[in-house]
Amino acid sequence: MEPTHIEHIGIAVSDLEASIEIYEQTFGLKCYKIEEVKDQKVRTAFFRIGETKIELLESTDSEGPVGKFIKKRGEGIHHIAFAVKNIEKQLQYAEENGVILIDKAARKGAENLDIAFIHPKSTSGVLIEICEDKKGKQAGS
Ligand code: CMX
């Protein structure tokens, strides 16, 4: 039932291309994908570090979640994503324990993952995403 690993850490940035360059030049990482997630009003860029990814997030709408975050707090860590084996069960478990869910049901996020967010007010001020790779499982990975 418990999360298996940190799937990714989301970092809010003002300029995606400039931040990609910083992560590539500073750490020798290689951005393997840029993807727009219209539903979330963001453009994302991904790097792998072991089993975990770094997801850079640039807002495409100043009133979207990342746009509002940057206006209020500036660039920085936006969320931490836990990989889970069964997102529906994990959501049910959290709700039964009185946690405030932003998403009561999973939806599609970047990298074709099934995702859901938990309100930072329930988790010591940190926005937590839980995600499940249903496609990867079907492919046997
Ligand atoms: N981490 C911690 N706290 C956060 C936060 C974050 N990422 N974003 C907002 N907050 C805090 C604010 O600072 C504020 O706190 P105070 O009340 O103490 O001032 C409070 O939450 C409310 O903030 P707000 O700006 O009024 O924002 P909203 O209530 O409109 O929304 C949230 C906040 C978390 C519910 C909303 O951002 C959300 O639904 N997030 C989930 C979706 C998301 O973040 N998508 C982007 C990533 C997509 C991806 O990874 O692909």
Side-chain angles (χ1 to χ4, degrees), residues 1-139 141:
M1 159 59 100
E2 74 271 17
T4 54
H5 61 282
I6 304 286
E7 210 284 333
H8 65 265
I9 296 172
I11 299 175
V13 303
S14 309
D15 179 336
L16 194 66
E17 275 67 27
S19 292
I20 290 171
E21 208 173 308
I22 291 168
Y23 278 77
E24 290 192 334
Q25 289 183 355
T26 309
F27 304 107
L29 293 167
K30 182 86 197 102
C31 172
Y32 68 89
K33 191 205 256 181
I34 294 177
E35 178 182 353
E36 181 167 357
V37 187
K38 289 212 162 100
D39 182 42
Q40 299 285 334
K41 300 184 169 70
V42 288
R43 277 203 316 134
T44 65
F46 286 94
F47 301 87
R48 280 185 219 284
I49 303 182
E51 218 181 340
T52 302
K53 299 165 196 158
I54 295 294
E55 178 188 34
L56 302 181
L57 298 153
E58 178 196 73
S59 181
T60 55
D61 178 340
S62 60
E63 289 310 309
V66 173
K68 281 171 83 177
F69 179 90
I70 293 225
K71 245 191 284 174
K72 213 165 187 174
R73 301 182 175 207
E75 294 184 307
I77 293 184
H78 179 262
H79 66 269
I80 297 180
F82 296 166
V84 299
K85 287 184 186 149
N86 184 321
I87 194 164
E88 288 78 19
K89 276 197 183 149
Q90 199 80 43
L91 281 173
Q92 190 188 343
Y93 181 75
E95 195 165 33
E96 280 168 6
N97 283 285
V99 166
I100 307 165
L101 303 179
I102 293 171
D103 301 301
K104 291 201 177 242
R107 50 179 159 154
K108 281 287 169 204
E111 299 249 278
N112 204 27
L113 298 178
D114 285 60
I115 66 163
F117 284 91
I118 292 171
H119 203 285
K121 293 221 182 296
S122 276
T123 41
S124 308
V126 177
L127 177 62
I128 304 283
E129 175 183 338
I130 55 172
C131 53
E132 185 185 352
D133 183 1
K134 290 194 169 155
K135 196 158 168 273
K137 271 183 201 162
Q138 279 159 15
S141 60

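These numbers come from the heavy atoms of this one structure, side chains and all, not from hydrogens, waters or symmetry mates. Just follow the structure's listing: the first ligand is 1, and inside any ligand the first atom is 1.
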Polar contact flag for His8 and ligand 1 (N/O pairs, less than 3.5 Å): no
Shortest protein heavy-atom distance from atom 35 (C) of ligand 1, along with the residue and atom involved: Ile102 CD1, 3.6 Å
CD1/Ile77: more than 12 non-hydrogen atoms of other groups inside 6.0 Å: no
Atom 2 (C) of ligand 1: nearest protein contact (heavy atom, Å): Gly125 O, 3.2 Å
Shortest non-hydrogen contact from Ser19 toward Glu75: OG-OE2, 4.2 Å
Exercise: identify the closest heavy-atom pair between Glu35 and Ala110: OE2-CA, 3.6 Å
Per-atom contact, atom 17 (O) of ligand 1, protein heavy atoms, under 4.0 angstrom: yes
Ligand 1 contact on Lys68 by region, counting heavy-atom pairs under 4.0 Å: side chain
Nearest neighbour of atom 50 (O) of ligand 1 from the list Arg43, His78, Glu55, on a heavy-atom basis: Glu55
Heavy-atom protein neighbour under 4.0 angstrom from atom 29 (O) of ligand 1: no
Pair Gln92-Glu88, side-chain donor/acceptor within less than 3.5 Å: no
For Phe69, atoms of ligand 1 separated by under 4.0 Å from a heavy atom: 5 (C), 6 (C), 7 (N), 8 (N)
Side-chain donor-acceptor pair present, Glu55, His78, cut-off under 3.5 Å: no
Test item, Lys41 contacting ligand 1 (heavy atom, 4.0 angstrom): no
Ligand 1 N/O within reach of Lys72 N/O, cut-off under 3.5 Å: yes
Distance-only N or O hit between ligand 1 and Arg107, under 3.5 Å: no
Side chain Gln90, main chain Lys85, donor-acceptor under 3.5 Å: no
Check: Phe117 main-chain N/O paired with Asp103 side-chain donor or acceptor under 3.5 Å: yes
Arg43 and Glu17 ion-paired at < 4.0 Å: yes
Distance from atom 36 (C) of ligand 1 to nearest protein heavy atom, with residue and atom: Pro65 CB, 4.3 Å
Best match, Lys71, Gln40, Arg73, His79: closest heavy atom to atom 12 (C) of ligand 1: Arg73
Under 4.0 Å to a heavy atom of Glu129 - the qualifying atoms of ligand 1, by number: 50 (O)
Proximity flag Gly109 to ligand 1, non-hydrogen atoms under 4.0 Å: no
Protein heavy atom under 4.0 Å of atom 43 (C) of ligand 1: yes
Closest non-hydrogen atom pair between Thr26 and Ile22, with its separation: OG1-O, 2.6 Å
Lys108/Asp114 ion pair, N-O < 4.0 Å: yes
Location of contacts on Leu57 toward ligand 1, heavy atoms closer than 4.0 Å: side chain
Leu127 contact mode with ligand 1 (heavy-atom cut-off under 4.0 Å): both
Nitrogen or oxygen of His119 less than 3.5 angstrom from that of ligand 1: no
For atom 20 (C) of ligand 1, the protein heavy atom that lies nearest, with its residue and separation: Lys121 NZ, 4.1 Å
Candidate pair Lys33 and Glu111, rule salt bridge (charged side-chain N to carboxylate O under 4.0 Å, His left out), full reasoning: CA-CA 9 Å; Lys33 191 205 256 181; Glu111 299 249 278; 2.9 Å; yes
Heavy-atom protein contact below 4.0 Å for atom 33 (C) of ligand 1: no
Residue pair Ile87 / Cys131: nearest heavy atoms and the distance that separates them: CD1-CA, 4.1 Å
Geometric class of the Tyr32/Phe46 ring pair [parallel <30°, tilted 30-60°, perpendicular >60°]: tilted
Donor-acceptor contact below 3.5 Å, side chain Ser59 vs main chain Gly67: yes
Atom 14 (C) of ligand 1: any protein heavy atom closer than 4.0 Å: yes
Contact atoms of ligand 1, heavy-atom distance to Pro120 under 4.0 Å: 2 (C), 3 (N), 4 (C), 34 (C)
